[in-house]
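What follows is a single structure, written as structure tokens, with notes after it.
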Amino acid sequence: MKSKNLLFTVLILLTVIGLSACGSSANPDGCLGNASTAIVDLNCQQVKIAVENAYLPFNYISVETNEAGGWDYEAWDEICSRLHCEPVFIESAWDGMIQAVSNNQYDVGADGVTNTVERQQEVDFSIGYVQINQKLLVLKDEMRFSSIEEFASNPDLVMGTQVSTTNYETAVKYLSEDRIKAFDTFPFAVQALIAGDVDAVIIDEIVGMGYQGTNAETLQLIGPSISSDELGFIFPKGSSLVDPVNQALEEMANDGTLAELNQKFFGPEFQITYDDIQ
């Protein structure tokens, strides 16, 4: 899943079109929920949430409507409705997001962050909200390999992935670095696969499904799961938000809201592809 390497930390801060202090475009009144029913009353505190806005199905900007959407947006609308707070989404480049959260530039980092021991040294994590599998994305007619082990056994094959991600970290467990091409973003890695510059892309399954949907005649996900990762929100060390957010996520899990949200965005009914977003 998404990762950060200190050697590549470059922070880019952009203001999201249409996302002002009122949070998401769906919340023009800003603060959500009310004090009387809040699990923990945050008293309309603004919560600055870092999102990439280019990572399906977690966050995106629609080409058709120019509006933001995705799992992160709806999850935080729900969280703030239970905590009486105001979600303020801020677009941020992935490479550098974890460091920026660690430095208190944001209250929360969304964007599907994998919980790892290394990252726990820099930031605090919420409880997990979903398990994600890493798989191989390949061309439709691929016959040379059917698993990461078979891929690794052929020295002529080259793997594509995104720099500073746990997908890259998984790749280096199986391959020497000279057999890995790491791109700034996954769209570049997928285009390299289609062009024949790499032989496979190691990617999170739900993200790969988005590319597969865009290129149904060209791409496919193959093989068993390479790893299973737990995703969580990240916070500056010692953040007072961790416990309230965990309470909200636990309540959402217990009453079925989290399962419904995950089914909506991670299930087969989610039809938005990378052709549909900016």
Side-chain angles (χ1 to χ4, degrees), residues 1-4 49-52 54-60 69-79 82 94 97-98 101 108-138 147-149 161-162 164-174 186 189 200-213 220-235 242-243 245-272:
M1 209 48 199
K2 290 300 189 75
S3 174
K4 185 272 311 159
I49 306 159
V51 289
E52 189 178 3
Y55 193 53
L56 292 175
F58 295 98
N59 47 72
Y60 56 86
W71 189 95
D72 289 328
Y73 285 91
E74 295 200 17
W76 270 96
D77 281 355
E78 185 65 36
I79 289 168
R82 296 170 190 245
W94 165 249
M97 187 184 293
I98 296 178
V101 171
V108 180
D111 230 48
V113 185
T114 302
N115 190 337
T116 69
V117 173
E118 293 76 17
R119 292 177 193 156
Q120 291 171 12
Q121 309 309 307
E122 296 184 72
V123 292
D124 286 338
F125 275 85
S126 71
I127 59 175
Y129 52 75
V130 72
Q131 291 286 131
I132 296 295
N133 296 317
Q134 294 187 42
K135 299 193 76 172
L136 294 180
L137 185 68
V138 301
S147 67
I148 186 68
E149 290 81 8
T161 192
Q162 182 176 348
S164 306
T165 61
T166 49
N167 307 109
Y168 180 87
E169 294 170 6
T170 298
V172 297
K173 293 178 182 178
Y174 291 90
F186 272 115
V201 172
I202 188 169
I203 196 169
D204 298 319
E205 185 174 18
I206 58 170
V207 179
M209 287 171 63
Y211 289 107
Q212 185 177 347
Q220 62 176 330
L221 289 160
I222 65 167
S225 171
I226 301 169
S227 72
S228 181
D229 302 317
E230 182 177 77
L231 309 186
F233 299 116
I234 58 173
F235 306 81
V242 177
D243 182 63
V245 171
N246 281 345
Q247 290 187 53
L249 287 172
E250 287 173 348
E251 187 176 82
M252 289 164 64
N254 291 336
D255 67 17
T257 302
L258 190 58
E260 291 178 5
L261 193 61
N262 289 345
Q263 178 63 31
K264 176 179 179 179
F265 286 98
F266 303 146
E269 294 182 3
F270 185 74
Q271 298 295 318
I272 295 174

Legend entry - Heavy-atom check, side chain of Val245 versus side chain of Phe235, under 4.5 Å: yes

Legend entry - Residues which pass ring-ring contact (aromatic ring centres under 6.0 Å, His included) with Tyr129, listed by chain and number, not counting sequence neighbours: Trp71, Phe233

Inset, instruction - Could you point out which residue of Val108, Ile127, Asp124, Val123 forms a side chain to side chain contact (heavy atoms under 4.5 Å, CB included) with Val242? - result: Asp124

Inset, instruction - Taking Glu122 for its side chain and Glu118 for its backbone only, find out whether a donor-acceptor pair lies under 3.5 Å. - result: no

Legend entry - Basic-acidic side-chain contact under 4.0 Å: Lys264, Glu260: no

Inset, instruction - Compare all side-chain heavy atoms of Thr170 with those of Ile202 and state whether any distance is below 4.5 angstrom. - result: yes

Legend entry - Gap between atom CD of Glu169 and atom OG of Ser227 - 0.5 Å precision: 10.0 Å

Legend entry - Distance-only donor-acceptor check, side chains Glu52 and Asn59, under 3.5 Å: no

Inset, instruction - Could you check if a side-chain atom of Glu205 sits within less than 4.5 angstrom of a side-chain atom of Ile132, using non-hydrogen atoms only? - result: no

Inset, instruction - Report yes or no: do Asn254 and Glu250 form a side-chain donor-acceptor pair below 3.5 Å? - result: no

Legend entry - Distance, nearest 0.5 Å, that separates OG of Ser126 from CG of Asp243: 12.0 Å

Inset, instruction - Kindly say whether Asp111 contributes a backbone atom to a donor-acceptor pair with the side chain of Asp72 at under 3.5 angstrom? - result: yes

Inset, instruction - Would you check if there is a donor-acceptor pair between the side chains of Asp229 and Gln131 at a distance under 3.5 Å? - result: no

Inset, instruction - Find out whether Met252 and Glu78 are in side-chain contact, i.e. whether some heavy atom of one side chain is under 4.5 Å from a heavy atom of the other. - result: yes

Inset, instruction - Verify whether one side chain among Gln120 and Asn115 offers a donor that lies under 3.5 Å from an acceptor in the other. - result: yes

